[in-house]
A.B. asks: 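Before I ask anything, here is the structure I am working with.
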Amino acid sequence: MARRGRPTSDVVLTDEERDTLERWARRPKSSQALALRCRIVLACADEERTNGDIAAELSVTPATVGKWRKRFAANRLDGLHDEPRPGVPGRSPMTTLSASS
């Protein structure tokens, strides 16, 4: 039976990538956002699972699964890290106090 909807990017992991993703997902010092992204990519690599199935299992939306599946397929491990935010970085009140002294 043919699948309906948008085609999904295939995620095929090397042994090294799988080890890294599993380590990042378990590591206590990893940000929770990065750990979730790793769990999403690991789930995408297992068999032919849909974004909806993975989303239900990990309590995220199917769009979130699709976003990280696509980014990983395009940029591999580097695609899972946060991109720089646009605009001028915010200033801390402590920075302005020490600058005026």
Side-chain angles (χ1 to χ4, degrees):
M1 176 198 277
R3 291 175 59 174
R4 295 174 26 195
R6 289 187 199 150
T8 56
S9 302
D10 289 333
V11 175
V12 179
L13 300 174
T14 65
D15 290 338
E16 184 178 323
E17 286 173 334
R18 183 175 293 277
D19 291 342
T20 301
L21 289 168
E22 289 172 350
R23 189 174 64 248
W24 286 353
R26 287 191 315 260
R27 190 173 67 178
K29 293 196 180 218
S30 291
S31 72
Q32 290 303 301
L34 178 62
L36 176 62
R37 294 168 195 166
C38 292
R39 287 192 292 275
I40 289 170
V41 172
L42 287 166
C44 290
D46 293 338
E47 306 279 328
E48 289 277 332
R49 297 178 64 189
T50 65
N51 289 354
D53 294 340
I54 296 167
E57 177 185 323
L58 297 175
S59 301
V60 295
T61 65
T64 300
V65 175
K67 171 184 180 177
W68 293 111
R69 178 192 293 259
K70 184 176 178 181
R71 281 203 190 169
F72 182 82
N75 302 317
R76 308 310 290 178
L77 293 174
D78 291 335
L80 298 181
H81 295 289
D82 287 326
E83 293 178 351
R85 303 283 179 183
V88 178
R91 286 212 211 145
S92 154
M94 295 304 292
T95 306
T96 56
L97 288 176
S98 62
S100 63
S101 301

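It should be emphasised that the depicted structure is a prediction, and the values quoted were computed from it without experimental measurement.
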A.B. asks: Which atom pairs, one a donor and one an acceptor, fall under 3.5 Å between side chains of residues 60-67 and the rest of the protein, sequence neighbours left out?
C.D. replies:
unit_1: Thr61; atom_1: OG1; unit_2: Thr64; atom_2: N; d: 3.2
unit_1: Thr61; atom_1: OG1; unit_2: Thr64; atom_2: OG1; d: 2.9

A.B. asks: Looking only at heavy atoms, which two atoms of Arg18 and Ala45 are closest? And how far apart?
C.D. replies: NH2-CB, 4.0 Å
A.B. asks: Taking all atoms of both residues into account, what is the closest heavy-atom pair of His81 and Leu34, and its distance?
C.D. replies: CE1-CD2, 4.3 Å
A.B. asks: Glu57: what forms a salt bridge (charged side-chain N to carboxylate O under 4.0 Å, His left out) with it, not counting sequence neighbours?
C.D. replies: Arg49
A.B. asks: Name the atoms and distances for all side-chain donor-acceptor pairs under 3.5 Å in residues 70-79, with sequence neighbours left out.
C.D. replies:
unit_1: Arg76; atom_1: NE; unit_2: Glu17; atom_2: OE2; d: 3.0
unit_1: Arg76; atom_1: NH2; unit_2: Val12; atom_2: O; d: 2.7
unit_1: Arg76; atom_1: NH2; unit_2: Glu17; atom_2: OE1; d: 2.7
unit_1: Arg76; atom_1: NH2; unit_2: Glu17; atom_2: OE2; d: 3.4

A.B. asks: Identify the two heavy atoms, one from Arg69 and one from Ile54, that lie closest to each other, and give their separation to 0.1 Å.
C.D. replies: NH2-CD1, 3.8 Å
A.B. asks: Leu80 and side-chain contact (heavy atoms from CB on, under 4.5 Å): which partner among Leu21, Ile40, Thr20, Leu36?
C.D. replies: Leu21
A.B. asks: Other residues, nucleotides and ligands only: do more than 12 of their heavy atoms fall within 6.0 Å of CG on Asp15?
C.D. replies: no
A.B. asks: Once rounded to the nearest 0.5 Å, what's the spacing between atom CG of Asn51 and atom SG of Cys44?
C.D. replies: 6.0 Å
